[in-house]
Amino acid sequence: QVQLVESGGGLVQAEGSLRLSCAASGRTFSGYTMGWFRQAPGKEREFVAAITWSGGTTYYADSVKGRFTISRDNAKNTVYLQMNSLKPEDTAVYYCATRPSAKGWGTRVSSLYEYDYWGQGTQVTVSS
């Protein structure tokens with residue numbers, strides 16, 4: 001079992017920044033690829049970003065590329081999502097999730113079905 005707790009969400013104006021955190025407990029954190037997803041009202045959950053267990057490789061959705069940065073600190077069992085130049089369309093509940101590193105790497109890391117443990121989410125609201 002892995003428990004994930006997101007934090008750092010809130011209300012921000014367009015072009016502002018937020019930094020989300022996801023703290024993990026339970027199994028060895030370093031054995032997992034970590035992902036961030038988001039879900040806006042009335043929409044399906046969508047991929048945002050993913051990072052390998054070492055932190056050496058990342059992958060982003062086109063909609064956030066160049067604005068968001070995913071990182072992790074395995075010593076703190078925490079993954080981060082730095083969000084800059086926020087837009088109203090970034091408004092959503094943001095979730096972190098774990099994916100066993102044994103599954104390998106590739107574009108399939110963008111599929112939510114590849115992930116096994118999920119946090120409860122943190123709300124991000126961007127006003128125009």
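Values below: all heavy atoms of this structure, side chains included; hydrogens, waters and symmetry mates excluded.
- Side chain of Tyr115 to backbone of Cys96: no donor-acceptor contact under 3.5 angstrom is found.
- Although no hydrogens or angles enter the test, the distance criterion places no donor-acceptor pair under 3.5 Å between the side chain of Thr33 and the main chain of Trp53.
- Taking both residues in full, the closest heavy atoms of Met34 and Ile70 are given as O-CD1, 3.9 Å, listed atom of the first, atom of the second, then distance.
- Within the 4.5 Å cutoff, the side chain of Ser17 has heavy atoms near those of the Gln82 side chain.
- When all heavy atoms of Leu86 and Arg67 are compared, the closest pair comes out as CA-NH1, 3.9 Å.
- Cation-pi geometry between Arg19 and Tyr80 is met: the NZ or CZ atom falls under 6.0 Å from the ring centre, inside 45° of the normal.
- For Thr125 (side chain) and Leu11 (main-chain N/O), no donor-acceptor pair under 3.5 Å exists by modelled atom type.
- Side-chain contact between Cys22 and Val79 is present, with heavy atoms from C-beta onward closer than 4.5 Å.
- The two residues Tyr113 and Lys103 make their nearest non-hydrogen contact at O-NZ, 4.4 Å.
- Other residues, nucleotides and ligands contribute at most 12 non-hydrogen atoms within 6.0 Å of the NZ atom of Lys76.
- A donor-acceptor pair under 3.5 Å is absent between the side-chain atoms of Thr57 and the main chain of Thr52, judged by distance alone.
- Contact of the Trp36 side chain with the Phe68 side chain is not registered, since no non-hydrogen atoms from C-beta on lie closer than 4.5 Å.
- Across every non-hydrogen atom of Leu81 and Ala49, the tightest pair is CD1-CB, 4.3 Å.
- Using modelled atom types and a 3.5 Å distance limit, the side chains of Thr78 and Asp73 yield no donor-acceptor pair.
- Applying the salt bridge (Lys or Arg N to Asp or Glu O under 4.0 Å) test to Glu114 and every residue at least two apart in sequence or in another chain returns Arg99.
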(request) Could you give me the CA-CA distance, side-chain angles and deciding distance for Tyr32 and Val2, then say whether side chain to side chain contact (heavy atoms under 4.5 Å, CB included) is met? (result) CA-CA 10 Å; Tyr32 289 93; Val2 176; 3.8 Å; yes
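- Because its NZ or CZ atom is both nearer than 6.0 Å to the ring centre of Trp118 and within 45° of the ring axis, Arg45 counts as a cation-pi partner of that residue.
- Between Thr58 and Trp105, the shortest heavy-atom distance links the atoms C-CZ2, 4.0 Å.
- Side-chain N or O atoms of Ser111 include none that pairs as donor or acceptor with a backbone N or O of Arg108 at under 3.5 Å.
- Taking the six-membered ring for Trp and the full ring otherwise, Tyr60 and Phe47 have centroids separated by 6.0 Å or more.
- Using a cut-off of 4.0 Å between Lys/Arg side-chain N and Asp/Glu carboxylate O, Asp62 and Lys65 are scored as salt-bridged.
- Under the 3.5 Å distance criterion, with hydrogens and angles disregarded, no donor-acceptor pair is assigned to the side chains of Asn77 and Ser25.
- When every heavy atom of Ser128 is checked against every heavy atom of Ala14, the shortest pair comes out as CA-CB, 4.4 Å.
- Under a 3.5 Å cut-off, the side chain of Glu6 and the backbone N or O of Leu20 do not form any donor-acceptor pair.
- With a 6.0 Å cutoff to the six-membered ring centre and a 45° limit on the axis angle, Arg38 does not count as a cation-pi contact of Tyr95.
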